Number of protein chains: 2
Amino acid sequence: MATQRDLPEAENPLLMKLGGFMPLSRDDRQAIVHASRKVRSVQAHCDIISDGERPNHVHLIIDGWAARYKILPNGERQITAYLIPGDFCDLHVTILREMDHGIVALTPVSVADISRHEMDTLCDDRPRLMRAMWWATLVDEGVLREWIVNIGRRDAYARIAHLMCEMHVRMRNVGRAEEGAFHLPLTQDHLADTLGLTPVHINRMLQRLRAEHLIELGGRTLTILDPVGLRSAAGFDASYLHNNEQNGR
Amino acid sequence: MATQRDLPEAENPLLMKLGGFMPLSRDDRQAIVHASRKVRSVQAHCDIISDGERPNHVHLIIDGWAARYKILPNGERQITAYLIPGDFCDLHVTILREMDHGIVALTPVSVADISRHEMDTLCDDRPRLMRAMWWATLVDEGVLREWIVNIGRRDAYARIAHLMCEMHVRMRNVGRAEEGAFHLPLTQDHLADTLGLTPVHINRMLQRLRAEHLIELGGRTLTILDPVGLRSAAGFDASYLHNNEQNGR
DNA sequence: TCTACGTCCTAACCTACGTTAATGGCCACA
DNA sequence: TGTGGCCATTAACGTAGGTTAGGACGTAGA
């Protein structure tokens with residue numbers, strides 16, 4: 001399962017992500033490449049970590065999409081985050097007794113398993129790296145807050161547009177988007193479970209976004225035809241993503 | 001402004017909160033009491049930290065209620081968290097360039113300002129304490145996720161009930177609730193801005209919760225008359241709060 | 001070639017919640 | 001002893017989004 005070939009630096013998504021926050025030394029970069037060497041494959045639709053589990057490793061997404069989700073007693077599902085290359089599933093969850101939610105692969109996913117010990121030495125030896133990973137968790141928290149705002153205070157149309165804007169920026173940050181087009185492997189059911197809507201209504205709003213020439217969506221690829229229009233429909237302000245580079249485009 | 005009298009241990013909410021996660025040594029306890037000695041008062045309705053600010057200190061709520069909030073371009077407000085005694089406003093926000101939201105005092109609030117330096121030495125010298133504070137931030141994250149589930153997938157009635165259950169557990173954890181009654185200094189407008197509803201509809205649902213003898217609410221005090229009934233109306237499962245003690249009651 | 005299944009799409013109808021607006025209680029302050 | 005402001009409450013009415021139930025299409029596997 002585990003391949004031992006190191007990813008070339010240019011393809012390492014964590015490197016790209018953290019590099020967008022602060023410049024990293026050659027040693028820091030190599031330490032990251034080294035830490036993410038043990039890559040494992042997970043099939044689509046399989047849990048990477050299940051609710052109630054107590055993981056021994058820290059899991060880092062190298063390739064593919066995953067979703068954090070919770071199941072309600074009545075069987076309904078709420079997705080609380082999307083995880084894309086460069087995202088940690090459970091950066092410090094070893095402190096808690098057990099997972100209070102599950103993480104499922106939406107596509108075939110490559111995960112790097114990083115042992116608790118390896119993580120500790122990484123943080124101890126490389127304070128700048130630790131700082132960069134702190135930054136990443138704080139951004140994740142900011143994203144959670146923005147999702148609350150999104151679901152709580154925007155209508156269905158703006159909600160979808162906002163999610164698209166966010167995922168576009170995040171995909172660009174790890175070199176997974178170009179020219180406003182990127183891989184969005186979500187069904188309308190996923191979108192519904194993410195945004196607190198029904199699949200039927202998601203469909204209606206997608207039609208509208210298409211009719212207004214803001215997006216093209218098909219074959220699991222999203223193309224943003226009119227970035228300015230989409231952002232204004234969403235009321236999107238990227239500052240909560242705390243990127244160094246100029247935000248938005 | 002700042003009073004120099006140390007809070008007696010029994011009244012220090014952070015001590016109570018962290019103690020609910022792991023037993024703390026005498027030295028750890030004194031370190032916390034010492035760190036929270038510089039207490040400052042903030043009037044109700046004033047920002048403790050404003051959007052865009054870059055705080056120099058870490059702020060710890062010692063007494064009173066505060067709310068994290070974001071304002072949308074159209075002027076609407078979404079509250080993304082309630083902060084009660086023992087909660088940090090911005091535990092590691094010094095890493096980010098600036099705040100991406102504001103924090104407002106809902107009642108007169110006592111805040112302890114802890115300098116960045118003091119925080120660092122606390123973490124360096126007392127690894128157990130650092131671990132306990134990690135735990136607290138992870139729980140905060142879990143709460144954010146649960147709020148997404150709450151707003152996304154529960155109806156208005158269950159949403160309100162769920163918030164009440166959560167705040168009850170959290171208030172109990174810091175010794176601020178007894179016999180199912182506690183101080184809830186929120187207007188119906190606050191509840192609306194928290195739960196993605198309108199004040200009018202909040203009112204309707206409160207009437208219903210009262211009519212069904214689940215709660216009493218008045219004079220800024222919430223009394224939970226029927227804890228089991230309220231929890232079942234909410235679909236509340238406290239495991240996301242990761243307490244040591246038996247959850248729920 | 002047929003069947004099974006997942007996904008997208010649409011239509012008709014329904015309801016939980018929003019909107020607007022008015023009333024009354026309470027309390028601080030003149 | 002008023003008066004203004006905040007807050008809770010209620011009613012009448014409007015609508016965004018939910019529900020139910022289909023049909024069309026593509027793909028996988030027998």
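Just so we're clear, the structure is a prediction, and the values are computed from it rather than from any experiment.
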Can you tell me if [X] touches the phosphate of [N], counting only side-chain N or O atoms and a distance under 4.0 Å to OP1 or OP2?
{"X": "A/R208", "N": "C/dC9", "result": "no"}
{"X": "A/N203", "N": "C/dC8", "result": "no"}
{"X": "B/R210", "N": "D/dT9", "result": "yes"}

Euclidean distance, atom [atom1] of residue [X] to atom [atom2] of [N] [Å, nearest integer]:
{"X": "B/M205", "N": "C/dA16", "atom1": "CE", "atom2": "P", "result": "9 Å"}
{"X": "B/L191", "N": "C/dC17", "atom1": "CG", "atom2": "C1'", "result": "16 Å"}
{"X": "B/R154", "N": "D/dG18", "atom1": "CZ", "atom2": "P", "result": "17 Å"}
{"X": "A/R153", "N": "D/dA16", "atom1": "CZ", "atom2": "P", "result": "16 Å"}
{"X": "A/L217", "N": "C/dT7", "atom1": "CG", "atom2": "C1'", "result": "12 Å"}
{"X": "B/D155", "N": "D/dG18", "atom1": "CG", "atom2": "P", "result": "13 Å"}
{"X": "A/R204", "N": "D/dT20", "atom1": "CZ", "atom2": "P", "result": "14 Å"}
{"X": "B/Q188", "N": "D/dC6", "atom1": "CD", "atom2": "P", "result": "16 Å"}

Please work out whether the ring planes of B/F236 and B/H162 are parallel, tilted or perpendicular, with thresholds of 30° and 60°.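 Perpendicular.
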Salt-bridge test for [X] and [Y]: reply yes if a basic N is under 4.0 Å from a carboxylate O, no otherwise.
{"X": "B/D237", "Y": "B/R231", "result": "no"}
{"X": "B/R154", "Y": "B/E146", "result": "yes"}
{"X": "B/E76", "Y": "B/K70", "result": "no"}
{"X": "B/R153", "Y": "A/D193", "result": "yes"}

A/I151 and side-chain contact (heavy atoms from CB on, under 4.5 Å): which partner among B/V149, B/I148, B/N150?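 Testing A/I151 for a side-chain contact (heavy atoms from CB on, under 4.5 Å) against B/V149, B/I148, B/N150 leaves exactly one candidate, B/I148.
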With the threshold set at under 4.0 Å for non-hydrogen atoms, list the residues of residues 67-77 of chain B touching DNA chain D in residue-number order.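 The stretch gives none, as no residue of it lies under 4.0 Å from the strand.
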Quick check: on DNA chain C, is the nucleotide nearest B/V200 upstream (toward 5') of the one nearest A/D189, or the reverse? Name the residue that is more 5'.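 Between the two, 5'-proximity favours A/D189.
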What nucleotide among [options] has an atom nearest to a side-chain atom of [X]?
{"X": "A/H201", "options": "D/dT10, D/dG18, C/dT10", "value": "D/dG18"}
{"X": "A/T198", "options": "D/dT10, D/dT19, C/dG18", "value": "D/dT19"}
{"X": "B/R220", "options": "C/dC8, D/dG17, D/dC7", "value": "D/dC7"}

Does the ring of B/Y82 carry B/R68 above it, NZ/CZ under 6.0 angstrom from centre and within 45° of its axis?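 Verdict for B/Y82: no cation-pi partner in B/R68.
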Using the six-membered ring of A/Y157, assess whether NZ or CZ of A/R208 lies under 6.0 Å from its centre and within 45 degrees of the ring axis.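 Flagged: A/R208 positioned over aromatic ring of A/Y157.
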For the helix from C/dT1-D/dA30 to C/dA30-D/dT1, figure out the bend between the end axes, five pairs an end, and round to 10 degrees.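 If I round to tens, the end axes sit 40° apart.
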Would B/D63 and B/R176 count as a salt bridge (charged side-chain N to carboxylate O under 4.0 Å, His left out) here? Give the steps. CA-CA 10 Å; B/D63 200 47; B/R176 262 45 175 198; 3.4 Å; yes
Over all strands shown, is A/G196 touching base, sugar-phosphate only, or nothing at heavy-atom distances under 4.0 angstrom?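 The answer is sugar-phosphate, as A/G196 gets under 4.0 Å only of primed atoms, P, OP1 or OP2.
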With heavy atoms under 4.0 Å as the rule, sort B/L197 into base, sugar-phosphate or nothing.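 Result for B/L197 = sugar-phosphate.
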Side chains of A/V42 and A/P108, heavy atoms from C-beta outward: is any pair under 4.5 Å?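 Answer no - side chains too far apart.
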